[in-house]
2 protein chains.
Amino acid sequence: MQAQKKKTIRYHHGDLQNALIAATLDLITEQGNEAFTIREVARRAGVSHTAPYRHFTDKAALLAVVARQGFDMLVEHLLTRIANFPDDPLMRFKYSGIAYIEFAVDHPAHYRVMFGPDKSGSRENAAVRKSADTAFQILLDCIEACQAGGLIRPGNSMEMALSAWSMVHGFSMLLIDRFVRETPTPGQDLADMMSLVTDSLYFGLKTEKTD
Amino acid sequence: MQAQKKKTIRYHHGDLQNALIAATLDLITEQGNEAFTIREVARRAGVSHTAPYRHFTDKAALLAVVARQGFDMLVEHLLTRIANFPDDPLMRFKYSGIAYIEFAVDHPAHYRVMFGPDKSGSRENAAVRKSADTAFQILLDCIEACQAGGLIRPGNSMEMALSAWSMVHGFSMLLIDRFVRETPTPGQDLADMMSLVTDSLYFGLKTEKTD
DNA sequence: TTATAGTGTTGACAATGTCAACATTTTAAT
DNA sequence: ATTAAAATGTTGACATTGTCAACACTATAA
């Protein structure tokens, strides 16, 4: 019953908050992270340059919301990807890592907002923290499932998850920041490299005594 | 014979280029990365706000030099640290990783400049690239030495070095961006965590069949 | 119906990156 | 040594930005 929106030009936008978030996403996706400006976002939403301040205390607050949204998207992607292997803990572990890297590569600007420098304490933002923790928890669950199945050696799963996170995060950053461009060995594609990195984590680099 | 500097106030600074680099380092170290502005750096060097443009084409060019310097410092720290183990390839490998993390933690602002978003192609800067490659080469050498000694399994050392780099880079970033703050298990300190992460890489997470 | 809270707008301010025009100094060619 | 040119600095301008204060419109609740 509350239809007839968007028809008339109104003083009140109606849903400016979300429009600003969407505009921010579009902007960073199209033009990269440095292009993000309160004023440009306002322009894209068709409002005056200070209208955003009615919904976000400052630039960092807007970015914090975008970051939270990014972690939520990451969680969704991880869950979708490992859902393909309901009964194979090892594949779930491996593909949680691969899916993580996929997300970073597919949404580099968004990823950079999520992990970018914490200018003004948005990292302390409870909502952001919670969404990030949820993503971490997925990794942790995969590892513990593997441990339960005797596939990963017993030990502090938290520490292992931290190592795993470091690995996929580092690799993702190196990729999207263009420190790694060509594949180490010619003919490899991104999928191969992702396997390679996740396998390194699982098998380690030590000489194998058996198997 | 060319002494008597700094005494008189001169129109020409004398060594503005290096003064600007030093001022940049001081600034980001004291106030963080966001505090870096051309004008503030100029102020600190005691010159007008456009003087830096006689030495650097723009902001990014100054940062590129700082980044290169950072990689050089990193190389030095890595070499110093592994020099303690001239005859133990495995320790050299391990401590190259630990030293890497140490550097990032000790110089977070500098590290962020080195790996920060590549706004305007400074990553393509040949000098920066070369210094970064030198650092990578150290890792690679350590791995190949271990392989020669049968301590790391045979295989593509480039790929292994990439995995190792991902691991220490990711861990460093998580640390300095405050995603990891408390230790996973209480009572641990940073040194323990660094060992933990580098050991994960070496041993992997897989169940050990032997040893 | 109207006071009030919510939402937008206009107009300011200081700071920034960078450009153009001009000044001084150093260097090199004569 | 003189002087033309190349280096190096300065002043002043411009457009852009984040953010604040003052004001305008709108929705809502008393």
Side-chain angles (χ1 to χ4, degrees), chain A residues 1-24 27-28 31-66 113 116-122, chain B residues 1-24 27-28 31-66 113 116-122:
Chain A
M1 297 316 179
Q2 46 183 346
Q4 60 86 250
K5 290 184 177 180
K6 320 219 168 187
K7 302 266 177 167
T8 58
I9 296 169
R10 324 192 320 195
Y11 191 85
H12 284 87
H13 180 286
D15 191 16
L16 185 54
Q17 171 131 9
N18 287 321
L20 292 170
I21 296 170
T24 300
L27 182 56
I28 64 177
Q31 321 238 29
N33 255 339
E34 315 289 338
F36 166 68
T37 301
I38 286 273
R39 290 171 103 113
E40 176 59 22
V41 163
R43 252 170 249 134
R44 288 181 172 228
V47 294
S48 74
H49 62 259
T50 56
Y53 287 88
R54 297 293 159 201
H55 300 275
F56 304 97
T57 63
D58 59 8
K59 213 181 161 183
L62 212 188
L63 283 182
V65 174
V66 172
V113 172
D118 186 17
K119 181 149 61 176
S120 41
S122 55
Chain B
M1 298 314 183
Q2 45 184 347
Q4 61 87 243
K5 292 185 175 180
K6 321 219 170 189
K7 303 262 177 168
T8 58
I9 295 170
R10 324 190 323 192
Y11 191 83
H12 284 87
H13 180 286
D15 192 16
L16 185 52
Q17 173 132 6
N18 287 322
L20 291 170
I21 296 169
T24 300
L27 182 56
I28 64 178
Q31 319 240 29
N33 254 328
E34 315 289 339
F36 166 69
T37 57
I38 287 273
R39 291 169 102 114
E40 176 59 23
V41 164
R43 251 169 249 134
R44 287 178 172 229
V47 293
S48 74
H49 61 261
T50 57
Y53 287 90
R54 298 292 158 202
H55 300 273
F56 305 96
T57 64
D58 59 7
K59 213 182 162 183
L62 211 186
L63 283 183
V65 175
V66 173
V113 171
D118 185 18
K119 180 147 63 177
S120 40
S122 55

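Below, chain A is the first sequence line, B the second, and so on; all start at residue 1. Here the structure is a predicted model, which means the values were calculated and not measured.
The listed nucleotides are C:dG11, D:dG9, C:dG8; the one nearest the side chain of A:Ala51 is C:dG8. Taking the side chain of A:Arg39 as heavy atoms from C-beta on, and the options C:dG17, D:dG18, D:dA21, the nearest nucleotide is D:dG18. Comparing D:dT8, C:dG8, C:dT10 by their nearest atom to the side chain of A:Leu16 picks out C:dG8.
B:Gln17 places its CD atom 14 Å from the P atom of D:dA7, with the value rounded to the nearest Å. One interatomic measurement links the two molecules: CG of A:Asp15 to C1' of C:dG6, which rounds to 15 Å at whole-angstrom precision. At whole-Å resolution of the value, CD in B:Gln31 and P in C:dT16 are 11 Å apart. Note: CD (A:Glu40) to C1' (D:dG18) measures 15 Å, nearest angstrom. B:Leu63 has its CG atom 10 Å from the P atom of C:dG17, to the nearest Å. Counting to the nearest Å, the P atom of D:dG18 and the CG atom of A:Asp58 are 11 Å from each other. One atom, CZ of A:Arg43, and another, P of C:dT9, lie 13 Å apart when rounded to the nearest Å. Rounded to a whole Å, the NE2 atom of A:His55 is 10 Å from the P atom of C:dT9.
Looking at B:Gln31 and B:Phe36, their side chains never come closer than 4.5 Å, going by heavy atoms from C-beta outward. Residues B:Leu16 and B:Arg54 form no side-chain contact, since every pair of their non-hydrogen atoms from C-beta on lies 4.5 Å or further apart.
Taking CD1 of A:Ile21 as the start and CG of A:Asp15 as the end, the distance is 8.5 Å to the nearest 0.5 Å. Annotation: the span from B:Thr37 atom OG1 to B:Lys59 atom NZ amounts to 7.0 Å, rounded to 0.5 Å.
The base of D:dT16 has none of its N or O atoms less than 3.5 Å from a complementary donor or acceptor on the side chain of A:Thr37. No hydrogens or angles were tested; on distance alone, a donor-acceptor pair under 3.5 Å links the side chain of B:Arg54 to the base of D:dG9.
Counting any heavy atom pair closer than 4.0 Å across all strands shown, B:His49 reaches a base atom. Heavy atoms of B:Ser48 sit under 4.0 angstrom from at least one base atom.
Looking at every heavy atom in both residues, A:His49 comes nearest to A:Ala42 through CA-CB, 3.9 Å.
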